Visitor: 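Handing you this structure, nothing more for now.
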Number of protein chains: 2
Amino acid sequence: MQITRAAEYGVLGLTALARRPLGEVVMVDVLCAEEEIPRSFLGKIFQNLAKAGIVKSARGSGGGFSLSRLPGQITALEIIEAIEGPIAFQRCLDEDLGCEHSGGCALCSLLAVAQNRVKEVFHATTLSDLAGRHIPNSAVTRARGKSRGKIPLAAA
Amino acid sequence: MQITRAAEYGVLGLTALARRPLGEVVMVDVLCAEEEIPRSFLGKIFQNLAKAGIVKSARGSGGGFSLSRLPGQITALEIIEAIEGPIAFQRCLDEDLGCEHSGGCALCSLLAVAQNRVKEVFHATTLSDLAGRHIPNSAVTRARGKSRGKIPLAAA
DNA sequence: TCAAACCGGACGGATCTCGTCCGGTATCCT
DNA sequence: AGGATACCGGACGAGATCCGTCCGGTTTGA
Ligand code: SF4
Ligand code: SF4
């Protein structure tokens, strides 16, 4: 019952991208430094994001990634499903290669509801929402290094 | 992003128990047969349920498990958390040994909401709800064996 | 031509999942 | 008392998944 780190890093990396004007091309090295994510891992994750059409990739020198849409038009659901695959609480809810029991199963009905609730939440949240209430990891660790105290909140 | 089989089996086993009058003592062998669950696995799962106070265990010959409360007073949340541990979408949401970033993280706020949605759903569903809309696995496979067709729905 | 940057798959250690097994203990029956 | 029965609890192990890393290949710009 957990989101993977890949999804977590993906979202974090995208917020770093969303902080910039639309279309600006940024290398994964820069994103990694800002959010303190292992470099080669984020590279791999962004490949999926590119394949899903959420970011555009530019190769060669001066290349990198750029958002392919406005942050307000990218939902958290899209991002997470692009990275983790479709969210499915149970095999019967994903593909129909699930068990034959589906028709009369106590769990299926319960899990279907629960799963749809989280999909709703993820669908209603956009990348710009996320970026808005986010403080980059690098800023957090810098502050912690200096003052060993509270981190000032962005929206407070 | 999945419920484990242990939780699935646990719920299924409990519905089998809930089909009987309150307090009736049933061996795990019987529960397993009804819901077609590996025997030694369900035994292990019911140990957790006993520890959580959801079922009572009776040892020795003629022993087994019995519900310790009315099915209407046992929530799905209880059952699942007894088996899987607390529902936590992310380490920072579980214990406070999470990352220092919590204060300004884009994900924490999103995941906290999503997680609470599923907790609500699980909390609002009781074992009697589940048992009511459930057809035992053994009945399903028997029907499939005979007719190779549709399984009649309980509530339709 | 050369260097920069992504692409894509292979790989490996760590952890978790799904069970099984077995000796121990409590209970009941005779 | 002596079995037989059934849960207890921990160890074990095969397999899958997670978390990254690595490296050779390809595209692009200078
Ligand atoms: S037993 Fe129920 S919840 Fe589990 S896979 Fe089958 S239909 Fe789905
Ligand atoms: S980065 Fe955010 S979501 Fe992830 S563990 Fe830290 S506070 Fe929680």
Side-chain angles (χ1 to χ4, degrees), chain A residues 1-13 17 24-33 35-66 68 80 82-85 87-91 94 99, chain B residues 1-13 17 24-33 35-68 80 82-91 94 99:
Chain A
M1 203 38 139
Q2 287 224 155
I3 248 67
T4 63
R5 298 221 190 205
E8 172 172 342
Y9 293 159
V11 171
L12 258 33
L17 210 44
E24 182 170 337
V25 176
V26 187
M27 295 189 299
V28 321
D29 306 68
V30 176
L31 273 356
C32 289
E35 294 292 344
E36 308 199 323
I37 298 170
R39 179 226 164 106
S40 33
F41 198 14
L42 189 63
K44 185 132 300 240
I45 294 164
F46 266 62
Q47 287 183 21
N48 295 331
L49 263 12
K51 218 175 307 178
I54 295 171
V55 299
K56 278 180 294 203
S57 68
R59 294 159 71 140
S61 129
F65 291 94
S66 58
S68 63
I80 291 170
I83 297 170
E84 298 206 331
I87 107 164
F89 274 28
Q90 201 66 174
R91 26 190 197 307
D94 187 3
C99 85
Chain B
M1 206 33 140
Q2 288 222 154
I3 249 67
T4 63
R5 297 219 191 208
E8 173 171 342
Y9 293 159
V11 171
L12 258 33
L17 210 44
E24 182 169 339
V25 175
V26 188
M27 295 190 300
V28 333
D29 306 68
V30 176
L31 274 357
C32 288
E35 293 293 344
E36 307 200 322
I37 297 170
R39 177 224 165 105
S40 34
F41 198 13
L42 189 63
K44 186 131 297 242
I45 294 164
F46 266 62
Q47 287 184 24
N48 294 332
L49 295 176
K51 217 175 308 180
I54 295 170
V55 298
K56 278 181 294 205
S57 69
R59 294 159 71 141
S61 134
F65 292 94
S66 59
L67 244 36
S68 63
I80 291 170
I83 297 171
E84 299 207 330
I87 288 182
F89 273 27
Q90 201 67 177
R91 27 190 194 306
D94 187 1
C99 85

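Labels below follow one simple rule: chain letters A, B, ... track the order of the sequence lines, proteins then strands, and each chain is numbered from 1. All values reported here derive from a predicted model rather than from experimental measurement.
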Visitor: Using a cut-off of 4.0 Å on non-hydrogen atoms, how would the nucleic acid contact of A/Phe65 be classed: base, sugar-phosphate, or nothing?
Guide: sugar-phosphate

Visitor: Would you say C/dC18 has OP1 or OP2 under 4.0 Å from some side-chain N or O of B/Tyr9?
Guide: no

Visitor: Rounded to whole angstroms, how far apart are CZ on A/Phe46 and C1' on C/dC6?
Guide: 13 Å

Visitor: Using a cutoff of under 3.5 Å, can you pull out all pairs of nitrogen or oxygen atoms linking the protein to nucleotides 28-30 of chain C, with atom names and distances?
Guide:
none

Visitor: Give A/Ala50 one of three labels, base, sugar-phosphate or nothing, depending on what nucleic acid heavy atoms sit under 4.0 Å from its own.
Guide: nothing

Visitor: Could you list, one pair per line, each protein nitrogen or oxygen that sits under 3.5 Å from a nitrogen or oxygen of nucleotides 10-15 of chain C, together with the distance?
Guide:
none

Visitor: In whole Å, I'd like the distance from the CE atom of A/Met27 to the P atom of C/dA5.
Guide: 4 Å

Visitor: Checking the side chain of A/Glu84 only, and the main-chain atoms of A/Thr4 only, is there a donor and an acceptor separated by less than 3.5 Å?
Guide: yes

Visitor: Grab the CD-C1' distance between A/Glu8 and D/dC18 for me, whole Å please.
Guide: 13 Å

Visitor: If you measure from CZ on B/Phe46 to CG on B/Leu17, what distance do you get to the nearest 0.5 Å?
Guide: 5.5 Å

Visitor: Roughly how many Å is it from CD1 in B/Ile3 to P in C/dC16, rounded to a whole number?
Guide: 17 Å

Visitor: Let me confirm one number: the CD-CD1 distance from B/Glu8 to B/Ile83, rounded to the nearest 0.5 Å.
Guide: 10.5 Å

Visitor: Using atom CD of A/Gln2 as one end and atom P of C/dT17 as the other, report the distance to the nearest whole Å.
Guide: 9 Å

Visitor: Can you measure from CD (B/Gln47) to CG (B/Leu42) and round to the nearest 0.5 angstrom?
Guide: 10.5 Å

Visitor: Tell me every residue that passes side-chain hydrogen bond (donor to acceptor under 3.5 Å, both in side chains) with A/Ser40, counting only those two or more places apart in sequence or in another chain.
Guide: none

Visitor: D/dG9 P sits how many Å from B/Leu49 CG, rounded?
Guide: 13 Å

Visitor: Quick one: on DNA chain C, does A/Met1 or A/Gly64 contact a more 5' nucleotide (nearest heavy atom)?
Guide: A/Gly64

Visitor: How many Å lie between CZ on A/Arg39 and P on D/dC23, as a whole number?
Guide: 13 Å

Visitor: How many Å lie between CG on B/Leu12 and P on C/dC18, as a whole number?
Guide: 14 Å

Visitor: Compare every heavy atom of B/Gly13 with every heavy atom of B/Leu31, then report the nearest pair and how far apart it is.
Guide: CG-O, 4.0 Å

Visitor: Can you tell me how far CD of A/Gln2 sits from CE of B/Met1, rounded to the nearest 0.5 angstrom?
Guide: 9.5 Å

Visitor: Could you check whether any side-chain N or O of A/Ser68 sits under 3.5 Å from a backbone N or O of A/Ile54, counting only pairs where one atom can act as donor and the other as acceptor?
Guide: yes

Visitor: So, OP1 or OP2 of C/dA5: does either fall under 4.0 Å of a side-chain N or O from A/Ser57?
Guide: no

Visitor: Side chains of B/Lys56 and B/Phe65: closer than 4.5 Å at any heavy-atom pair?
Guide: no

Visitor: Where the side chain of A/Pro38 is defined as all heavy atoms beyond and including C-beta, which of D/dC19, D/dT21, C/dC6 is the nearest nucleotide?
Guide: D/dT21

